[in-house]
Amino acid sequence: MTIQLPDTQGGLRSYEPRVEPLALTPGSPFTSRTVFSAAHVVADPFADTTPDSPAAVDWDATLAFRRHLWSHGLGVAEAMDTAQRGMGLDWAGAAELIRRSAAEAKSVGGRIACGVGTDQIASGTLEEVRAAYEEQLALVEESGAQAILMASRALAAAAKGPEDYLDVYGHLLRQSAEPVILHWLGPMFDPALEGYWGSSDLDTATDTFLEVIAAHSDKVDGIKVSLLDAQREIDLRRRLQSIGAARRASGKGGGGRREGVRCYTGDDFNYPELIAGDDHGFSHALLGIFDPLGPLAAEAVRVLDTGDVKGFRELLDPTVELSRHLFQTPTRFYKTGVVFLAWLAGHQSHFTMVGGLQSARSLPHFARAYELADGLGLFPDPAQAAARMKNLLSLYGVEQ
């Protein structure tokens with residue numbers, strides 16, 4: 001069987017789908033790395049909605065996908081960018097998602113961390129931004145999940161300089177019940193976050209970011225860095241080690257964690273090398289690309305648990321081409337490819353997204369995503385994936 005796939009030049013090419021998927025089975029959590037997959041939400045395709053109306057979520061399918069990730073040993077990073085926070089999913093929808101997913105995690109023994117932001121306000125004063133953060137932090141803590149303090153569009157607009165970030169984050173960290181994950185999301189994911197931490201110069205912004213961490217390292221479990229710059233992450237990771245060493249030397253502890261403040265890579269372009277690490281350390285992971293890669297990524301990390309770095313890279317390196325394709329400019333639309341692959345893989349019965357975001361990528365983009373994912377063996381039922389791809393192509397007028 002062959003499929004006629006469109007290319008970027010307006011032509012068609014023949015592709016022969018693979019017959020057998022990779023043999024990937026569920027397994028236990030990992031021992032060498034802490035790994036979260038940011039998870040997408042499944043829209044209700046029968047809801048009578050418009051792109052600017054509140055999201056209508058298929059809760060059964062959404063929670064089933066989280067159980068799929070947990071079954072492979074992955075943690076779930078909930079209500080994050082991958083779940084379309086600020087791009088189709090409003091705070092009311094995110095709050096319900098957090099409540100439901102946290103309860104589901106408790107019932108199955110899955111690890112979960114949830115995004116804390118300020119998206120219940122479009123803009124406001126620093127006091128209003130802080131109050132919005134506090135409301136969300138309280139809900140996440142009440143749910144029993146770990147908190148991820150996400151970057152705030154409202155804070156980016158209200159802050160006059162680094163001192164405002166130091167004040168707002170310092171206030172939140174002092175009152176947090178448990179150590180949180182700090183999330184630095186770059187403007188390639190959200191243009192409204194340009195100049196976060198008080199400067200568009202990344203070196204200056206990094207200094208402010210690290211000042212927050214150094215002042216409150218007992219309340220920071222780790223950081224998630226999404227700047228798509230591997231060397232910058234490595235440099236930041238090493239500076240975190242210095243903060244941890246200074247804290248231990250002061251006798252203030254660090255919660256008994258041997259590593260101190262963790263670095264969770266959010267670099268969807270360079271994750272294999274960052275997770276593998278070097279002689280000076282490594283990154284843990286909190287990645288959107290692990291939504292479609294879940295079982296394969298889990299298998300790779302279990303190989304890494306045995307000390308086999310070469311085997312880990314042999315499994316994960318070939319996935320980078322797919323990830324770079326999904327996260328290509330404009331990067332913020334990567335969620336469309338993630339949900340598209342979830343549909344082809346049989347995790348949902350349709351290709352509909354909250355906010356109508358299924359229209360955000362082109363047919364050639366979908367065709368290449370299908371080809372790369374199929375080549376990796378990501379589809380549990382390759383024949384079903386091929387049939388669904390053919391249906392989509394026919395919808396666009398590409399007869400098979």
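For reference, positions follow the sequence shown, starting with 1.
Side-chain N/O atoms of Ser323 and Tyr334 include no donor and acceptor closer than 3.5 Å. At a cut-off of 3.5 Å, with distance as the only test, no side-chain donor of Ser394 or Gln400 sits close to an acceptor on the other residue. Defined by atom type and a distance below 3.5 Å, a donor-acceptor pair is present between the side-chain atoms of Ser32 and Asp305. Defined by atom type and a distance below 3.5 Å, a donor-acceptor pair is present between the side-chain atoms of Thr118 and Ser152.
With His40 as the partner, the side chain to side chain donor-acceptor pair (under 3.5 Å) test is satisfied by one option alone out of Gln348, His347, Lys335: Gln348. Residue Glu104 is tested with Arg66, Arg67, Arg99 for a side chain to side chain donor-acceptor pair (under 3.5 Å); the sole match is Arg67.
The shortest non-hydrogen separation linking Ala154 to Ser123 is CB-CA, 4.2 Å. Minimum interatomic distance between Arg388 and Ser349 (heavy atoms only, all atoms of both residues): NH2-CA, 4.1 Å. Summarising the geometry of Thr62 relative to Val42, their closest heavy-atom pair is OG1-N, 3.0 Å, with the distance given to 0.1 Å. Heavy-atom minimum distance, Arg111 versus Thr34: NH1-CG2, 3.5 Å. Annotation for Gly288 and Asp268: closest pair N-OD1, 3.6 Å, computed over non-hydrogen atoms. Residues Pro382 and Asp374 come closest through the heavy atom pair CB-OD1, 4.3 Å.
Between the side chain of Glu211 and the backbone N or O of Leu166 there is no donor-acceptor pair closer than 3.5 Å. His325 contributes a side-chain N or O that, together with a main-chain N or O of His365, makes up a donor-acceptor pair within less than 3.5 Å. The closest donor-acceptor contact from the side chain of Lys224 to the backbone of Tyr264 lies at 3.5 Å or more, if one exists at all. Panel note: side chain Ser37, backbone Phe290; a donor-acceptor pair is recorded below 3.5 Å.
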inquiry  = Determine whether Phe282 and His284 satisfy the following criterion, ring pair (Phe, Tyr, Trp, His ring centres under 6.0 Å), listing intermediate values before the conclusion.
reply    = CA-CA 7 Å; Phe282 56 81; His284 299 272; 5.3 Å; yes
task = Show your reasoning for whether side chain to side chain donor-acceptor pair (under 3.5 Å) applies to Ser14 and Gln4.
result = CA-CA 5 Å; Ser14 295; Gln4 298 300 308; 2.8 Å; yes
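Two residues are said to be in side-chain contact when any heavy atoms from C-beta on lie closer than 4.5 Å; Thr336 and Phe351 meet this criterion. For the pair Thr82 and Leu287, the minimum side-chain heavy-atom distance is 4.5 Å or more.
Applying the 6.0 Å contact sphere to CD of Glu178 captures no more than 12 heavy atoms from other residues, nucleotides or ligands.
Residue Ile223 is grouped with residue Ile243 when hydrophobic side chains (ILVMFWY) are merged at heavy-atom distances under 4.5 angstrom, including chains of intermediate members.
For Phe209 and Tyr165, the ring centers are positioned 6.0 Å apart or more.
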